[in-house]
There are 2 protein chains.
Amino acid sequence: MAATTPYIAQRPKRADGRRNYDTILAAARKAFAATGSDASLEDIASQAGVAIGTLYRHFPTRAALVEAATRDGLDTLVAEAGAYAATDPLDALTHWMEQAVAHISTFRGLVGILTEAMYDEGTPSHVACAAMHRCGADLLRAAQDAGRVRADLTPDELFDLLTAAGWVRENSAPGRDAGTRVLQLMLEGVVLR
Amino acid sequence: MAATTPYIAQRPKRADGRRNYDTILAAARKAFAATGSDASLEDIASQAGVAIGTLYRHFPTRAALVEAATRDGLDTLVAEAGAYAATDPLDALTHWMEQAVAHISTFRGLVGILTEAMYDEGTPSHVACAAMHRCGADLLRAAQDAGRVRADLTPDELFDLLTAAGWVRENSAPGRDAGTRVLQLMLEGVVLR
DNA sequence: TTGACTACATGAGGCTGCCTCAGCTTAACT
DNA sequence: AGTTAAGCTGAGGCAGCCTCATGTAGTCAA
């Protein structure tokens with residue numbers, strides 16, 4: 001059967017629609033930051049001063065709302081990969097990974113959504129995740145070709161590490177940025193040789 | 001204020017109670033395995049052939065049910081730590097970590113619950129998690145004293161890595177055991193020197 | 001064996017959150 | 001000014017959570 005393309009939210013043409021779209025998105029970002037990806041949609045709507053039906057008009061599913069709320073961040077990440085590519089391959093990879101960990105864990109629950117989206121085309125965030133995957137794979141290959149990273153590491157495994165670090169960051173106390181340290185440990189290893 | 005001790009489920013004295021307790025636990029394990037830690041409690045009850053009130057009588061909170069469903073596994077883990085301690089310190093640590101990753105990710109959502117329980121005393125699983133923490137810390141110190149593991153790794157960081165690997169395992173396709181590979185990468189490191 | 005005690009079982013019902021849809025409003029274009 | 005369709009609304013159906021008043025039956029002592 002044909003792959004069903006997921007609905008991706010679009011900023012409406014009409015002025016009132018655009019206004020509400022923006023307000024809802026702002027409320028959603030605030031709620032996600034406070035509560036995580038399973039924040040109450042009815043709360044978000046009322047916080048935005050809008051009826052629940054209006055929220056659903058613009059964002060028919062929770063996944064669509066999450067995608068819209070995180071789109072900018074992931075686009076930035078992809079853009080940064082290009083910029084880093086000019087520098088030392090290993091530095092490029094590690095810096096980009098640090099950025100990636102931050103972007104994929106901006107609120108509780110995001111990493112899980114993005115991880116699923118990475119391999120599921122029926123998901124709004126899939127396009128962004130696939131782009132991320134390409135960037136990561138390119139930077140990885142460059143670092144491997146330069147002999148700076150173990151050759152047996154696959155891109156999928158790289159993303160396993162990345163999402164794992166993101167998950168730690170997501171679930172650690174706000175002050176202690178465990179994500180960065182964990183990423184460092186992953187890169188350097190724990191066992192002495 | 002005094003720390004509120006969490007309710008921990010106990011197998012009842014009366015025969016009918018014990019029967020239901022066991023049946024509910026079996027249904028819960030099956031449901032958690034299939035759906036994850038947020039499986040419907042009403043489904044679990046009806047699967048066990050019991051009214052919802054009966055489930056709540058034995059397991060007043062979801063956390064209590066999860067704790068009861070995973071108690072054996074975590075106890076085993078603690079017991080194994082003692083057995084491993086006699087062998088080579090690095091082998092002991094790595095083998096125990098492999099076991100730990102498996103035990104803390106027996107179903108979707110468990111790692112998150114246990115991670116929170118590790119540092120929150122008001123949680124049914126806290127006792128088990130604290131015991132786990134002690135075991136891990138002991139094995140880590142032994143491996144560090146033997147000069148086999150980097151000295152700047154703290155026990156908390158060890159558990160960050162452990163839960164991260166568990167999360168990956170939890171969220172990867174059943175066939176591909178990504179957890180083991182990710183743990184290996186964490187221990188060995190990714191960057192060549 | 002019987003009676004009493006009390007642990008245990010039941011399920012309707014109140015609550016919250018999800019999501020839909022029929023009817024109304026209004027921006028935008030001619 | 002009229003028309004049109006994009007947009008807005010919120011009641012209502014559904015599912016899951018959890019409680020509690022009421023009913024049932026194991027257990028134990030006499």
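Convention: sequence-line order gives letters A, B, ...; per-chain numbering from 1.
Protein chain A contacts DNA chain C from C:dG17 to C:dA28, reading 5' to 3' and using non-hydrogen atoms of the protein with a distance under 4.0 Å.
In this structure, CD on B:E170 lies 11.5 Å from OG1 on A:T115, to the nearest 0.5 angstrom. With rounding to the nearest 0.5 Å, the separation of NZ in A:K30 from CG in A:D43 is 13.0 Å. Atom CZ of B:F32 is separated from atom CG of B:L25 by 9.0 Å, given to the nearest 0.5 angstrom. Rounding to the nearest 0.5 Å places CG of A:L139 at 9.0 Å from CG of A:L158.
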Listing time: all N or O pairs from protein to nucleotides 2-11 of chain D that are below 3.5 Å?
| residue | atom | partner | partner atom | Å |
| --- | --- | --- | --- | --- |
| D:dA6 | N3 | A:R14 | NH1 | 2.6 |
| D:dG7 | OP2 | A:R57 | NH2 | 3.4 |
| D:dC8 | OP1 | A:D16 | O | 3.4 |
| D:dC8 | OP1 | A:N20 | ND2 | 2.1 |
| D:dC8 | OP2 | A:H58 | NE2 | 3.0 |
| D:dT9 | OP2 | A:A51 | N | 3.1 |
| D:dT9 | OP2 | A:T54 | OG1 | 2.8 |

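Between A:H95 and A:Y84, the two ring planes are tilted [angle within 30° to 60°]. Ring geometry for B:Y119 against B:H133 counts as perpendicular: the plane angle is over 60°, on a 0 to 90° scale with 30° as the lower cut.
Taking every heavy atom of residues 27-48 of chain B and every atom of DNA chain C, no pair lies under 4.0 Å.
A salt bridge (Lys or Arg N to Asp or Glu O under 4.0 Å) with B:D16 is found for exactly one of B:K13, B:R18, B:R14, namely B:R14.
Ion pairing between A:D160 and B:R176 holds under the 4.0 Å rule for side-chain N and carboxylate O. The existence of a salt bridge linking B:R11 and B:D22 is confirmed by a sub-4.0 Å separation between a basic side-chain nitrogen and an acidic carboxylate oxygen.
Counting only N and O atoms by type, the side chains of B:Q184 and B:R181 include a donor and acceptor under 3.5 Å apart.
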